[in-house]
Amino acid sequence: MSLWTGVLPAITTPFNADLSIDHGAVRAHVRWLVSQGCTGIIPCGSLGEGATLGLEEKAALMRTCVEAVKAPVIPGIAALGTAEAVRLAKAAEEAGCSGLMVLPPYVYSSDWREMKAHLLAVIRATRLPCLLYNNPVAYRTDFSPAQIAELAADFDNVAAVKESSTDARRVTGIRALLGDRLALGVGVDDCLVEGVSAGASFWVAGLVNAFPAESVRLYELARAGKHDGAFALYRWFLPLLRLDTVTKFVQLIKLVQQEMGWGHERVRPPRLELVGAEREECLRVLREALAHRPAL
């Protein structure tokens, strides 16, 4: 099976009461996700609070995932500076990861010359296949189809794109330039059906952390072109999937996980656990979904 197919959970990072990583919970969670049909695991991403994890914590998290499951582990590679991103890429290869999800640098966003240099440094540091992560909403850096084509022309290990611009037309635009040279994936939960219709072959998903069976089924229906079945499940799932598209998506998804029996809502500062009306609205959305949960 291709590395770039199916549902790839961007996992949350569970924390102990002292906010250290709960590696036992990581092992149990990733094994459950794979048992439910997920095809790989993506630690250290935005949903995994990667910006609050140190380099050694990320390396340890990678090792835990690699040891826990036989499925591919494809960690997020992001840092404030290029040198640290390169160290992370090398640590991922040493840990036995199968690929890398390469992000632009945190905080600093500039022109294509600088962003390309950052990406090239990471890509050159590893033999692993690389998934480029385009998320202009979160990172203020937008990799155009033409710029992605530049990277793909220069490096064989540029293998895939996670498209999180929220615009399914980007999938079409990349395919128009590159054909099947790169595998294309959806990185926004409430754009899955549209992205697959445009040619995406995988889904880097968020709510899958609490609802893997529904996520896998939705992906399968969309890929099979079973439009009526896919839309019926999508319509039920959308209020939950939209929790992945707002600023407090980490807190929201962790709260849903906790209520579904997987993990705790703890987050690392500057994030804080949800309170008041925000928390109650999330729980209302979850209660409504569970009251009408479809049989699969």
Side-chain angles (χ1 to χ4, degrees), residues 9-26 28-30 32-33 36 42-54 57-58 61 76 78 80 103 106-107 109 133 135-140 164-166 186-192 203-215 218 233-294:
I11 61 167
T12 53
T13 303
F15 296 124
N16 296 303
D18 64 358
L19 297 184
S20 60
I21 296 174
D22 184 344
H23 286 272
V26 173
H29 188 219
V30 298
W32 176 61
L33 292 172
Q36 296 296 298
I42 298 182
C44 307
S46 306
L47 182 53
E49 299 174 74
T52 72
L53 303 176
E57 287 183 309
K58 289 181 180 180
L61 184 54
L80 288 169
L103 283 70
Y106 293 135
V107 182
S109 176
Y133 181 9
N135 189 339
V137 177
Y139 293 104
R140 298 180 296 115
S164 297
S165 65
T166 73
V186 174
V188 181
D189 272 6
D190 65 349
C191 197
L192 182 275
W203 178 17
V204 179
L207 265 296
V208 66
N209 282 278
F211 289 93
E214 288 83 356
S215 299
L218 179 60
L233 183 53
Y234 203 31
R235 181 171 55 188
W236 168 81
F237 213 174
L238 275 172
L240 287 168
L241 295 177
R242 288 176 180 141
L243 300 177
D244 183 56
T245 67
V246 296
T247 300
K248 295 185 181 180
F249 73 113
V250 174
Q251 294 94 313
L252 290 162
I253 291 174
K254 277 194 161 183
L255 176 57
V256 170
Q257 265 188 255
Q258 174 179 276
E259 296 303 301
M260 296 302 295
W262 285 96
H264 192 281
E265 62 186 307
R266 294 186 192 99
V267 288
R268 278 188 177 175
R271 289 184 176 88
L272 299 175
E273 294 171 21
L274 297 174
V275 295
E278 282 184 317
R279 191 174 192 277
E280 183 51 39
E281 175 59 17
C282 177
L283 294 175
R284 185 199 66 76
V285 168
L286 177 59
R287 286 194 297 268
E288 179 73 12
L290 292 177
H292 301 93
R293 192 175 189 178

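The figures here come from the full heavy-atom set of this structure, side chains too, leaving out hydrogens, waters and symmetry mates. Residues: numbered from 1 along the sequence shown.
- Between L192 and Y234, the shortest heavy-atom distance links the atoms N-OH, 3.3 Å.
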Let me see the working for M260 and L290 under side-chain contact (heavy atoms from CB on, under 4.5 Å), right down to the final yes or no. CA-CA 10 Å; M260 296 302 295; L290 292 177; 4.0 Å; yes
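- Annotation for N16 and R266: closest pair O-CD, 3.4 Å, computed over non-hydrogen atoms.
- Residues K58 and A78 come closest through the heavy atom pair NZ-O, 3.2 Å.
- Listed by chain and residue number, nothing satisfies the side chain to side chain donor-acceptor pair (under 3.5 Å) test with T247 (two or more places apart in sequence, or in another chain).
- Rounding to the nearest 0.5 angstrom, the gap separating the NE2 atom in H23 from the CD atom in E57 is 7.5 Å.
- Under a 3.5 Å cut-off, the side chain of D22 and the backbone N or O of P14 do not form any donor-acceptor pair.
- Between atom CD of residue Q258 and atom CG of residue L283 there is a gap of 9.0 Å, rounded to the nearest 0.5 Å.
- Side chains of D189 and T245 form no contact here, defined as non-hydrogen atoms less than 4.5 Å apart.
- Exactly one residue among H29, K254, Q257, E49 makes a side chain to side chain donor-acceptor pair (under 3.5 Å) with T12. That residue is Q257.
- Nearest heavy atoms, W32 versus P212: CH2-CD, 3.3 Å.
- D18 places a side-chain N or O within 3.5 Å of a backbone atom of S20 that can act as its donor or acceptor partner.
- Looking at every heavy atom in both residues, V204 comes nearest to A10 through CG1-CB, 4.0 Å.
- L61 contributes atom CG, which lies 4.5 Å from atom SG of C44 (distance to the nearest 0.5 angstrom).
- Closest approach of L252 to C282, counting heavy atoms only: CD2-CB, 3.6 Å.
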Show your working on side-chain contact (heavy atoms from CB on, under 4.5 Å) between L286 and L255 and close with a plain yes or no. CA-CA 10 Å; L286 177 59; L255 176 57; over 6 Å; no
Check step by step if salt bridge (Lys or Arg N to Asp or Glu O under 4.0 Å) holds for R293 and E214. CA-CA 9 Å; R293 192 175 189 178; E214 288 83 356; 2.6 Å; yes
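- To the nearest 0.5 Å, atoms CG (L207) and CG (N209) are separated by 8.0 Å.
- A donor-acceptor pair is defined here as one N or O able to donate and one able to accept, closer than 3.5 Å; no such pair exists between the side chain of D244 and the backbone of L241.
- Here the CH2 atom belonging to W262 is positioned 7.5 Å from the CG atom belonging to L33, to the nearest 0.5 angstrom.
- Ion pair E265/R271 not flagged as a salt bridge, since none of the NZ, NE, NH1 or NH2 atoms sits closer than 4.0 Å to an Asp/Glu carboxylate oxygen.
- R242 places no side-chain N or O within donor-acceptor distance of the main-chain N or O of D190, the cut-off being under 3.5 Å.
- Distance CG/L218 to CZ/F211: 13.0 Å, rounded to 0.5 Å.
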Under the criterion side-chain contact (heavy atoms from CB on, under 4.5 Å), I'd like the reasoning laid out for L243 against F249: C-alpha separation, chi angles, the key distance, then a yes or no. CA-CA 6 Å; L243 300 177; F249 73 113; over 6 Å; no
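- With contacts defined as side-chain heavy-atom distances shorter than 4.5 Å, the pair L240/V285 qualifies.
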